[in-house]
Amino acid sequence: MKYVTHIDNPDIILVGSGVMSANLGALLKCLEPSLSMQVYEVTNELAQESSDGWNNAGTGHAGICELSYTPHQEKDGTVNVSKAIDIFEQFEQSKQFWSYAVANGMADHPREFINPVPHLSFVHGAEQVAYLKARHAGLSGHHFFREMEYSTDRATIGGWAPLLVEGRAEIPIAATKMMGGTDVNFGGLSRKLFEWMSHQPGCGVASGHRVTDLTKVTGGWEVVIKDLATGRLQKNRAKFVFIGAGGGSLHLLQKSGIPESKGLGGFPIGGEWLVCENPELVRRHQAKVYGQALEAAPTMAVPHLDARLIDGKKALFFGPFAAWTTKFLHRTGSWTDLPGSMRTDNIATLLKIGIHNVPLVRYLIQQGTQSMADRIKVLQIFYPAAKAEDWKLIDAGIRVQAIKKTDGEAGIVHYGTEVITNADRSLSALLGASPGASVCVTVAREVIALCFPQLLATEAGKRRMKAMIPTYDEDIKLPQNAARFEEVRSKVNQILGLVG
Ligand SMILES: Cc1cc2nc3c(=O)[nH]c(=O)nc-3n(C[C@H](O)[C@H](O)[C@H](O)COP(=O)(O)OP(=O)(O)OC[C@H]3O[C@@H](n4cnc5c(N)ncnc54)[C@H](O)[C@@H]3O)c2cc1C
């Protein structure tokens, strides 16, 4: 659906209609209903890039099954689980806000964007089995993960996810399982929140409109927008601009000229899925199963076998397979995006990163040029009896990892999310894509705390935030707050339809 509403000189301009802008815009509008805001989106439909259900894995990242959040076993045999605990808490806060949105008529039919699905971790070989056992010991001691089960028994694992054991050779295997995981259609959620916003007084949503430039002016920013249907350029001004343009953010940040953008670069990593719509296999695999990284795989390209529900359609996704690309956006990007992002202030960093990451680049090229037979072999690590005829290859979204000067010195590609804000806090941009959409509410909260502190300074503001994110000012990680965590979670899950 195309949106064409315009607000002149709004308080806020949101660039991009992905899950980040959607949650930031909705949170801000609830916190202060008098704020006016305008959304610009380059594609005709909303949330068609990384947030769209087919472009990401839809995992509600909660640290349950993703082994990348828990590094390998320490020398003393333990596994450090602190990052998994942090991610779990952040995802709980996302769920809290989404349940508020459902309860308050901002997003109807939660099953259209969030569904319960067990999360499993699956490993094989004696070393990985020992690691998973230690990980389970670390996690299940915390109240977030109390229900996590661990097994090395084939029949038990086969009961959890039959495809994992069918036709598997007699090697040691282990898995953990936790109910309470989720599959999220982040695009569906974004579209619901924007639909609600488009009906709020003082809110405009214009799709098919590309933001082409932005300039600092007294009291805020002047933004140049191109209406792609007519080719007409127009200008608008706002006190605050959020660049939530995904892969398009770096380019706009560079255009803004803010000193904080100097030296920043982007490293795109494309993605591809094997997708299966065979109803029999779809019926038999009702879990998200994550494994260990293969070879030089970047952490976000660790393969997993996912049950998905997107726009009422069930499917299995396996991947992502990483792929080399120079595009920053899947739908509207161009092969010149990467070379076009090079500036005198970031070229040295990009070159250092390139030199230090030859194995990664080689891996990405090798991944992208694999044959279908090669890909099926990787799938067979999870599902030994997989047959090529049940699967097709489709493109996934592109993640543009933010590169800072410090990454250049260390020679690493940094897999994180960076919120870049200028000195007078009139502009924020989100770069990077990990951990991703699942923590969008935490990202939005950080932007609000930094750029709109006045909204949280009053008792009324704090009350409104507490209504939206009941534990925003509480540490539910602490053992003494386990009961409070359970109390809030159970209400939230009820509203989102994640129980019974
Ligand atoms: C393969 C893959 C798997 C992933 N799996 C998961 C997962 O399982 N769980 C998870 O939590 N996260 C996952 N992620 C990450 C997650 O998808 C992203 O972090 C999240 O969707 C980013 O949202 P966003 O709003 O920042 O960007 P996007 O959703 O990309 O939205 C940006 C929007 O800005 C628009 N835009 C760009 N330039 C302009 C411009 N100049 N003017 C106007 N509009 C513009 C774009 O068209 C787009 O609609 C995955 C990502 C990928 C690629």
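These numbers were taken from a predicted model, which means no experiment stands behind them. Atoms within each ligand, like the ligands themselves, are counted from 1 in listed order.
Checked by distance only, ligand 1 and Q48 stay at 3.5 Å or farther apart across all their nitrogen or oxygen atoms. The shortest N or O to N or O distance between Y290 and ligand 1 is not under 3.5 Å. Polar contact with ligand 1: absent for A47 (N/O pair, distance under 3.5 Å). Between F186 and ligand 1, no N or O atom pair is found at a separation short of 3.5 Å. Not a single N or O atom of S21, backbone or side chain, sits closer than 3.5 Å to an N or O atom of ligand 1.
Shown are N9, D11, D8; of these, the side chain to side chain donor-acceptor pair (under 3.5 Å) with S36 is made only by D11.
Using a 4.0 Å cut-off between charged side-chain N and carboxylate O, D183 and R308 make a salt bridge. Between D337 and K327 no salt bridge is recorded (no basic side-chain N to carboxylate O distance below 4.0 Å). Under a 4.0 Å N-O distance rule, the pair E272/R375 qualifies as a salt bridge. Here K235 does not pair with D213 in a salt bridge; the nearest charged N to carboxylate O distance is not below 4.0 Å. Here E277 does not pair with K314 in a salt bridge; the nearest charged N to carboxylate O distance is not below 4.0 Å. Electrostatic pairing of R135 and E66 does not count as a salt bridge here, judged by no charged N lying under 4.0 Å from a carboxylate O.
Legend: residues meeting salt bridge (Lys or Arg N to Asp or Glu O under 4.0 Å) with R284, ordered by chain and number and at least two apart, are E166. Residues passing the salt bridge (Lys or Arg N to Asp or Glu O under 4.0 Å) test with D108, sequence neighbours excluded: K192.
By the criterion of a heavy-atom distance under 4.0 Å, the side chain of H61, and not its backbone, is placed next to ligand 1. The proximity of V439 to ligand 1, defined as any non-hydrogen pair under 4.0 Å, does not occur for either the backbone or the side chain. Under 4.0 angstrom from ligand 1, the non-hydrogen atoms of N55 all belong to its backbone. At a heavy-atom distance under 4.0 Å, only side-chain atoms of V15, from C-beta outward, approach ligand 1.
Residue-ligand proximity: H209 is placed with a non-hydrogen atom under 4.0 Å from ligand 1. For A57, the heavy-atom gap to ligand 1 drops under 4.0 angstrom.
Distances below 4.0 Å separate heavy atoms of Y40 from the following atoms of ligand 1: 43 (C), 44 (N). Close approach of ligand 1 to G246 (heavy-atom distance below 4.0 Å) involves ligand atoms 27 (O), 30 (O), 32 (C).
With ring centers used as reference points, Y3 lies 6.0 Å or more from F194.
Among L431, N56, T43, D395, the residue whose heavy atom lies closest to atom 6 (C) of ligand 1 is N56. Comparing V223, L430, V211 against atom 40 (C) of ligand 1, the shortest heavy-atom distance belongs to V211. Atom 19 (O) of ligand 1 has its nearest heavy-atom neighbour, among C440, G436, G271, in G436.
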